[in-house]
Asker: 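First the structure, which I've put down as structure tokens, then a few questions once you've had a look.
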Amino acid sequence: MRALLGGRMNINGVLNLSKKKEKDKKDEKDKKEDDKEKPYNVFDAKHDVENCNGWSLVVTSEQLDALNDSNFGVFMVNLTKAAMMGPHWNPTTAEIAVVLRGRGMVNVVCPSATNGTECKNSRFKVEEGDTFVVPRYHPMAQMSFNNESLIFVGFTTTQKKNHPQFLVGKASVLQALDKEVLAASLGVSNTTMDQVLSAQREAIILECVSCAEEEERLVDEEIAREREEARKREEEVERKKEEEEAKRQEEEKRKKEEEEARKREEEEARRQEEEKRKKEEEEEARKREEEARRQEEEARKREEEARRQEEEAAARQREEEAARRWKEEEEAKRKREEEAAKQWQQQQEEAAKRKQEEAARKREEEAARQREEEAARRQKEEEAAKQWQRQQEEEAKRKQETEAAKQWQRQQEEEAKRKQEEAARKREEAAARQQEEEEAARRWKEEAARRQKEEEAAKQWQRQQEEEAKRKREEEAAKQWQRQQEEEAKRKREEEAARHQHGGGGGGGAAEWEGDASRRKEEEMARRQREAEAASERGGGGGGWQGRGRTIVRCCFFLVIAARCFFLHRSHFSCFFGLWHLHLLQGLAIIVRCFSSSYPLPHHRAGSCY
């Protein structure tokens with residue numbers, strides 16, 4: 001061992017190092033055990049999946065000891081605005097989730113094998129406080145709205161490795177399949193399959209703008225469609241009920257009519273029986289009455305015979321003869337009545353028999369007509385069957401020809417499509433190269449224009465600085481010249497005042513007072529004009545022709561003052577010379593500088609005459 005270590009480390013050092021590693025592992029394990037016993041904060045935990053569209057994590061018994069005695073896991077998903085948990089299904093667990101914040105849409109699709117049970121695709125809206133369950137093997141997708149995020153927490157029914165199977169994105173199960181096999185299964189080209197698989201660059205949690213709004217619109221349309229279908233079903237049920245009610249009423253009406261006909265027949269038979277019985281009773285009564293009359297008559301005859309034995313011997317023979325005739329007549333009458341009754345009954349029976357024979361004849365005619373129609377219909381059906389068979393044979397032959405033409409056309413179209421795709425790919429590559437070249441040329445032009453603009457801006461700033469310095473120098477010179485002019489005018493006014501004190505008299509006092517008042521008024525006007533011009537220059541300044549315009553106005557103002565001084569003070573030589581001459585010189589100087597400079601001139605104060 002020493003030879004292997006080269007003499008740089010002894011055996012005790014190696015043992016101490018291994019003990020230290022074992023101690024570190026034990027401390028780390030104890031720390032994990034302590035962490036597992038503490039309350040678990042999902043917001044502080046490391047997220048299993050996280051990107052700009054949201055995050056998700058799963059908590060099992062490995063992170064939390066409280067889950068050791070159960071077969072449940074905990075998960076939490078936070079989707080930002082306009083995001084979607086990609087379509088996926090769980091191969092080993094079901095999900096029970098509760099919405100903590102926000103609103104969203106959940107879309108659940110039935111698996112391909114439902115074991116004969118009824119299953120229906122569903123999409124529904126969830127909001128804070130709602131609970132939703134997604135069974136095992138059912139593909140699903142959760143989406144948030146554009147203006148609101150969606151946070152939900154839930155439980156899984158197992159702690160085993162679930163490995164959700166995603167259908168889109170980089171983590172899609174389609175990425176593991178052969179592209180050519182997948183393209184052939186879906187009936188598309190390899191280029192289209194490449195575009196489909198490479199279209200989504202994100203995984204698991206994806207960006208999906210307005211997906212939740214579109215799902216909500218589809219839910220509203222489905223609800224409206226279901227309501228419309230329910231309304232149609234109700235209308236159909238109501239229509240069937242009305243038809244059944246109409247049939248029932250018609251059946252009841254028919255039965256009622258049959259019952260009334262049967263009652264009428266029974267009433268007629270009863271009436272006939274009653275009439276027959278009444279006739280028989282009348283006949284019996286008549287016979288009894290006749291018998292009673294006959295007995296009375298015989299008694300009377302016996303009494304009369306007893307009284308008139310001899311007289312009645314001849315009359316008895318006549319009476320007996322008369323009685324015999326009467327009896328014969330009565331018997332004949334009764335026989336005639338019975339014959340008439342029998343004849344009426346016979347007529348009724350014959351009428352009924354004729355009706356039955358007529359009905360039987362009609363039934364036989366109807367049966368014969370139906371047999372003829374059935375024979376004609378069978379003949380037509382046989383002819384139609386033969387014609388249909390011929391049409392089917394022609395149609396099969398035409399379909400075979402059409403199928404062959406379509407197959408040849410599909411081959412031609414696939415060949416043309418392949419050539420078009422190849423040409424389109426070449427055009428796209430050429431367009432991409434041209435676009436890159438144009439983009440490089442445009443960037444070069446923009447860079448050149450930017451450098452040119454910077455150079456022009458630097459030159460313009462330098463010219464502005466030079467013009468500003470020149471303007472300041474000219475303003476200083478103008479101010480200095482103005483101060484000299486004011487000092488010269490003041491000195492002249494003082495000399496004139498001194499001469500007036502030595503040589504002036506009382507006659508010039510009124511004229512001097514008027515001159516002082518007019519001078520004060522003119523000085524006040526000049527002071528206001530200077531303040532207005534100074535304010536206008538402080539407010540925005542001005543140059544060019546606008547400044548020259550103001551300068552020309554000042555020049556005219558000074559010339560007007562000079563003319564006014566000339567006419568008001570022409571009687572006094574000193575005032576005339578001092579004020580008029582000063583304003584005239586200032587006006588001429590302003591005119592000269594106005595037309596010889598391109599910037600506004602400084603202000604000049606007008607002198608005063610004391």
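Reckoned from all heavy atoms, side chains included, excluding hydrogens, waters and symmetry mates.
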Asker: Thinking salt bridges, do E403 and R410 make one under a 4.0 Å N-O criterion?
Answerer: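 Yes.
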Asker: Would F145 and L150 satisfy side chain to side chain contact (heavy atoms under 4.5 Å, CB included), going step by step from the backbone distance to the final call?
Answerer: CA-CA 8 Å; F145 287 92; L150 176 63; over 6 Å; no
Asker: Would you say E415 has more than 12 foreign heavy atoms packed within less than 6.0 Å of its CD?
Answerer: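 Atom CD in E415 is crowded, with more than 12 foreign heavy atoms closer than 6.0 Å.
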Asker: Would K247 and E251 count as a salt bridge (Lys or Arg N to Asp or Glu O under 4.0 Å) if you check the C-alpha gap in whole Å, the side-chain angles of each, and the deciding distance to 0.1 Å?
Answerer: CA-CA 6 Å; K247 289 181 180 179; E251 186 68 21; over 6 Å; no
Asker: Of all heavy-atom pairs between T157 and T93, which one has the smallest distance, and what is that distance?
Answerer: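 T157 and T93 have their closest heavy atoms at N-OG1, 2.8 Å.
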Asker: Are side-chain heavy atoms of H88 and M140 found at a separation under 4.5 Å?
Answerer: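 H88 vs M140: side chains touch.
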Asker: Report yes if some heavy atom in the side chain of K46 is under 4.5 Å from a heavy atom in the side chain of W55; otherwise report no.
Answerer: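 They are not in contact (no side-chain heavy atoms under 4.5 Å apart), so the answer is no.
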Asker: I'd like to know whether N147 forms a side chain to side chain contact (heavy atoms under 4.5 Å, CB included) with R103, so could you lay out the CA-CA distance, the side-chain angles of the two residues, the decisive distance to 0.1 Å, and finally the verdict.
Answerer: CA-CA 10 Å; N147 58 353; R103 299 180 302 116; 4.1 Å; yes
Asker: I want to check something: taking the side chain as every heavy atom from C-beta on, are H163 and T92 in contact at a cut-off of under 4.5 Å?
Answerer: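 H163 vs T92: side chains apart.
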Asker: Kindly compute the distance separating CH2 (W388) from CD (E381), expressed to the nearest 0.5 Å.
Answerer: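 One finds 13.5 Å between CH2 of W388 and CD of E381.
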Asker: Where is the tightest heavy-atom contact between N51 and I205, given as atom of each residue plus distance?
Answerer: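 Closest heavy-atom pair between N51 and I205: ND2-O, 2.9 Å.
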Asker: Between K179 and N190, does a side chain to side chain contact (heavy atoms under 4.5 Å, CB included) hold up when you go through it step by step?
Answerer: CA-CA 7 Å; K179 294 182 180 179; N190 295 335; 5.8 Å; no
Asker: If you take all heavy atoms of M143 and C211, which pair is closest and at what distance?
Answerer: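 So the two residues come closest at SD-CB, 3.8 Å.
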Asker: Return yes if some donor-acceptor pair links the side-chain N/O of S189 with the main-chain N/O of T192 below 3.5 Å, else return no.
Answerer: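 Yes; judged by distance alone, with no hydrogens or angles, the pair exists.
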Asker: Would you mind reporting whether K240 and V237 have side-chain heavy atoms less than 4.5 Å apart?
Answerer: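 When only atoms from C-beta onward are counted, K240 and V237 do not touch, as no gap falls below 4.5 Å.
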Asker: Just to verify, what does E216 make a salt bridge (charged side-chain N to carboxylate O under 4.0 Å, His left out) with, not counting sequence neighbours?
Answerer: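 Applying salt bridge (charged side-chain N to carboxylate O under 4.0 Å, His left out) to E216 gives K125.
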Asker: What do you reckon, is CD of E228 surrounded by more than 12 foreign heavy atoms closer than 6.0 Å?
Answerer: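 Yes, CD of E228 has more than 12 neighbouring heavy atoms, counting only those of other groups under 6.0 Å.
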Asker: Would you say NZ of K81 has more than 12 non-hydrogen atoms from neighbouring residues, nucleotides or ligands within 6.0 angstrom?
Answerer: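 Open: at most 12 neighbouring heavy atoms sit under 6.0 Å from NZ of K81.
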Asker: Nearest 0.5 Å, what's the CG-CD distance between N78 and E50?
Answerer: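 The CG atom of N78 sits 9.5 Å away from the CD atom of E50.
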Asker: With a 4.0 Å cut-off, would you call R239 and E243 a salt bridge?
Answerer: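 Salt bridge: yes.
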Asker: Can you tell whether the side chains of R231 and E235 come within less than 4.0 Å, N to carboxylate O?
Answerer: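 A salt bridge is present here (some side-chain N lies under 4.0 Å from a carboxylate O).
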Asker: Which atom pair, heavy atoms only, marks the closest approach of P164 to P91?
Answerer: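 Scanning both residues completely, I find the closest heavy atoms to be CA-CD, 4.3 Å.
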Asker: Determine, for E429 against R425, whether the closest basic-nitrogen to carboxylate-oxygen distance falls under 4.0 angstrom.
Answerer: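 Salt bridge present between E429 and R425.
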Asker: Counting N and O atoms only, with roles assigned by atom type, does the side chain of S144 sit under 3.5 Å from a partner on the main chain of G104, one being a donor and the other an acceptor?
Answerer: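 No, S144 side chain to G104 backbone: no donor-acceptor pair under 3.5 Å.
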Asker: Determine the minimum heavy-atom distance between V168 and P87, stating which atoms define it.
Answerer: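 Distance-wise, the nearest heavy atoms are CG2-CD, 3.5 Å.
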Asker: Scan the side chains in residues 342-355 for donor-acceptor partners under 3.5 Å anywhere in the protein, sequence neighbours excluded, and list what turns up.
Answerer:
none

Asker: Run the salt-bridge test on E252 and R248 with the 4.0 Å N-O cut-off and return the result as yes or no.
Answerer: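 A salt bridge links E252 with R248.
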Asker: Going from CZ on R363 to CD on E366, what distance comes out if it is rounded to the nearest 0.5 angstrom?
Answerer: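 The CZ atom of R363 sits 11.5 Å away from the CD atom of E366.
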Asker: Are more than 12 heavy atoms, taken from residues, nucleotides or ligands other than K287, located less than 6.0 Å from that residue's NZ atom?
Answerer: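 Check passes, neighbour count above 12.
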Asker: Within this structure, what is the CG-CG distance for the pair L218 and N107, rounded to the nearest 0.5 Å?
Answerer: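 Answer rounded to 0.5 Å: 8.5 Å.
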Asker: Given side chains that start at C-beta, do those of V99 and F132 come closer than 4.5 Å, heavy atoms only?
Answerer: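 Yes, at least one pair of side-chain atoms sits under 4.5 Å.
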Asker: How far apart are the C-alpha atoms of L167 and W89, what are their side-chain angles, what is the distance that settles it, and do they pass the side chain to side chain contact (heavy atoms under 4.5 Å, CB included) test?
Answerer: CA-CA 9 Å; L167 299 174; W89 78 86; 3.3 Å; yes
Asker: Closer than 4.0 angstrom, basic N to acidic O: yes or no for K120 and E226?
Answerer: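 Yes.
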Asker: Taking NZ, NE, NH1 and NH2 as the nitrogens, is one of them in R325 or E329 under 4.0 Å from a carboxylate oxygen of the other?
Answerer: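 Not counted as a salt bridge, because no side-chain N and carboxylate O are separated by less than 4.0 Å.
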Asker: Any Lys/Arg nitrogen of E393 or K397 sitting under 4.0 Å from an Asp/Glu carboxylate oxygen of the other?
Answerer: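 No, this pair does not count.
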Asker: Show, in sequence, the C-alpha distance, side-chain angles and deciding distance for K279 and E283, and conclude whether the salt bridge (Lys or Arg N to Asp or Glu O under 4.0 Å) test is met.
Answerer: CA-CA 6 Å; K279 288 179 179 180; E283 185 67 24; over 6 Å; no
Asker: For the CD atom of E148 and the CZ atom of R101, what is their distance to the nearest 0.5 Å?
Answerer: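 Rounded to the nearest 0.5 Å, the CD-CZ separation comes out at 10.0 Å.
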Asker: So, D48 side chain and V58 main chain: donor-acceptor pair closer than 3.5 Å or not?
Answerer: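 Yes: the side chain of D48 pairs with the backbone of V58.
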Asker: Does a side-chain heavy-atom distance below 4.5 Å link V77 with Q142?
Answerer: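 Not in contact.
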Asker: Would you please say whether a donor-acceptor pair under 3.5 Å links the side chains of Q249 and E245?
Answerer: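 Yes, E245 and Q249 have a side-chain donor paired with an acceptor closer than 3.5 Å.
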Asker: With a 4.5 Å cut-off on side-chain heavy atoms, are M105 and V219 touching?
Answerer: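 A side-chain contact under 4.5 Å exists here.
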Asker: When rounded to the nearest 0.5 angstrom, what distance separates CD in E95 from CZ in R136?
Answerer: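 The CD atom of E95 sits 13.0 Å away from the CZ atom of R136.
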Asker: Nearest heavy-atom pair of A82 and N146: which atoms, and what distance?
Answerer: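 Smallest interatomic distance, heavy atoms only, reads CB-OD1, 3.4 Å.
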Asker: Can you find a pair of side-chain heavy atoms, one from F152 and one from L100, that are under 4.5 Å apart?
Answerer: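 Answer no - side chains too far apart.
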